[in-house]
Amino acid sequence: MKIEHAYTIVTSPGRNFVTLKIVTDEGTYGIGDATLNGREMAVVAYLDEHVIPALIGRDPQRIEDIWHYLYRGAYWRRGPVTMSAIAAVDMALWDIKAKLAGMPLYQLLGGKSRERVMVYGHATGRDIESCLEEVARHVDEGYKAVRVQAGVPGIASIYGVAKKDGEPYEPADADLPAEHVWSTSKYLNHVPKLFAAVRERFGDDLHVLHDVHHRLTPIEAARLGKAVEPYNLFWLEDCVPAENQEGFGLIRQHTTTPLAVGEVFNSLFDAKALIENQWIDYIRATLTHAGGITHVRRLADLAGLYHVRTGFHGPTDLSPVCMGAAIHFDTWVPNFGIQEYMPHTATTDEVFPHDYRFEDGHFIVGENPGHGVDIDEELAKQYPYKRASLPVNRLEDGTLWHW
Ligand SMILES: O=C(O)[C@H](O)[C@@H](O)[C@H](O)[C@H](O)CO
Ligand SMILES: [Mg+2]
């Protein structure tokens with residue numbers, strides 16, 4: 001069996017997605033998600049120019065060999081563009097292999113470790129009251145876990161909060177980066193009040209999460225972790241930029257609030273010290289940005305040795321293809337923690353028909369051979385690409401900060 005042809009599909013049903021399709025000479029095909037929010041066309045160029053030509057004629061069953069051909073063979077290893085391209089190939093090849101085996105992907109990985117996959121939804125609001133209403137809506141819809149993000153008095157626009165209450169949150173909201181203004185002190189003074197209000201209204205059993213989005217220093221993160229300890233968060237996410245993994249060691253000395261990190265990681269090596277020192281509790285690197293199933297499975301195995309669980313990134317800027325493959329992975333992986341779930345739009349779901357489903361706060365994995373997601377190429381053509389950039393962030397004095 002050989003790879004006969006492969007091509008990228010860029011579509012924008014409400015937001016940009018990049019999909020790689022690999023077709024064998026026997027007609028079986030697989031698809032992978034190659035979406036890198038705000039840098040989509042960089043991955044398309046990498047795939048079209050440097051990957052696809054080298055795939056033609058190869059045996060699609062040799063997933064491991066092709067992974068190393070694209071990783072070790074790249075010379076310029078790692079990085080989000082390279083690893084998203086490798087991930088898309090890997091996801092498509094696992095899809096093909098499972099289809100050839102006539103089984104859902106989770107079976108090929110090792111079978112079910114659980115019947116269903118707990119997810120967390122996103123409750124956001126421009127102020128505490130409107131945020132609490134969103135939490136209530138999620139509880140009514142059956143969610144057992146909710147991420148809580150609210151506006152901060154004195155900060156005009158903040159990460160994670162839609163421009164209008166009730167609207168979906170899409171950060172890549174402008175052709176070139178919008179500029180936001182940030183105040184750490186206003187944020188740190190406000191967040192504990194948000195979680196006091198959540199616990200007051202919803203009690204102790206609801207899992208609540210919060211995303212700091214890379215904006216604090218380690219000692220500020222330690223202060224926040226301590227301040228929210230009375231509210232027993234499921235996790236505090238991305239509390240500092242994680243290039244300096246040792247920074248998490250300092251946070252760990254001061255607080256028992258569980259820590260999650262890794263949505264921007266693209267290889268196991270970004271998290272190795274964090275995991276081996278048990279500085280974190282959840283690893284967020286997901287299939288599309290961290291080299292696909294072949295690599296993330298190794299990351300999950302390392303994490304499992306140190307009590308670290310998976311908590312895959314799952315915003316609307318990863319396509320249903322990534323979500324589908326992730327749910328198979330989540331169904332299998334022994335050290336599963338939780339799966340992020342921002343529902344895609346109905347239009348996106350039409351472009352990417354899939355067999356996974358949401359039920360009572362959980363995902364139920366599909367039983368079709370492969371990862372259970374397809375792409376309607378004719379429909380996809382109706383939604384042309386339009387550049388969209390993530391914002392940048394500045395402190396009140398104009399310093400370019402972390403977004
Ligand atoms: O926890 C999350 O879901 C993430 O932080 C997203 O909101 C990112 O900002 C987005 O995926 C960037 O493209
Ligand atoms: Mg995040």
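Note that the structure is a prediction, hence the values are computed from the model and not measured. Every number for a ligand or one of its atoms is a count from 1 in the order of the listing. What's counted below: heavy atoms across the whole structure, side chains too, no hydrogens, waters or symmetry copies.
- The closest approach between M342 and ligand 1 stays at or above 4.0 Å for every heavy atom of the residue.
- Checked by atom type and distance alone, the side chain of N335 pairs as donor or acceptor with a backbone atom of A300 at under 3.5 Å.
- The P315 neighbourhood of ligand 1 comprises atoms 3 (O), 11 (O), with distances under 4.0 Å to a heavy atom of that residue.
- For atom 3 (O) of ligand 1, the closest heavy atom belonging to the protein is E340 OE2, 2.4 Å.
- Of the candidates Y159, Y169, Y120, W403, it is Y159 that places a heavy atom closest to atom 7 (O) of ligand 1.
- Atoms of ligand 1 found under 4.0 Å from any heavy atom of E263 (numbered from 1 in listed order, with element): 1 (O), 2 (C), 4 (C), 5 (O), 6 (C), 8 (C).
- Atoms of ligand 1 found under 4.0 Å from any heavy atom of R147 (numbered from 1 in listed order, with element): 1 (O), 2 (C), 3 (O).
- Annotation: K144, atom NZ; neighbour count of heavy atoms from other residues, nucleotides and ligands within 6.0 Å is above 12.
- Here is the list of ligand 1 atoms found below 4.0 Å of a heavy atom in H313: 2 (C), 3 (O), 4 (C), 6 (C), 11 (O).
- Within the 4.5 Å cutoff, the side chain of Y7 has no heavy atoms near those of the D48 side chain.
- Between H295 and W67, a ring centre-to-centre spacing shorter than 6.0 Å is recorded.
- Atom 13 (O) of ligand 1 has its closest protein heavy atom at N37 ND2, 2.8 Å.
- P192 and V228 get closest at one heavy-atom pair: CA-CG1, 4.4 Å.
- Side-chain contact between V212 and D238 is absent, with no heavy atoms from C-beta onward closer than 4.5 Å.
- Among protein atoms, those of element N, O or S found less than 2.8 Å away from the Mg ion (ligand 2) are D211 OD2, E237 OE2, E263 OE1.
- Ligand 1 places these atoms under 4.0 Å from at least one heavy atom of E237: 1 (O).
- Ring centers of F234 and Y120: at least 6.0 Å apart, outside the cut-off.
- If you run ring-ring contact (aromatic ring centres under 6.0 Å, His included) between Y341 and each of Y356, F312, F358, only F358 comes through.
- In this structure the side chain of I63 reaches within 4.5 angstrom of the side chain of D90, judged on heavy atoms.
- Between H122 and ligand 1, no pair of N/O atoms sits closer than 3.5 Å.
- Contact of the V51 side chain with the L70 side chain is registered, since non-hydrogen atoms from C-beta on lie closer than 4.5 Å.
- Judged by distance alone, with hydrogens and angles left aside, the side-chain atoms of D95 form no donor-acceptor pair with the main-chain N or O of G370 at under 3.5 Å.
- Using a cutoff of 4.0 Å between basic side-chain nitrogens and carboxylate oxygens, K97 and E64 are not scored as salt-bridged.
- If you number the atoms of ligand 1 from 1 as listed, the ones under 4.0 Å from a heavy atom of H213 come out as 5 (O), 8 (C), 9 (O).
- The protein non-hydrogen atom at the shortest distance from atom 10 (C) of ligand 1 is D317 OD2, 3.4 Å.
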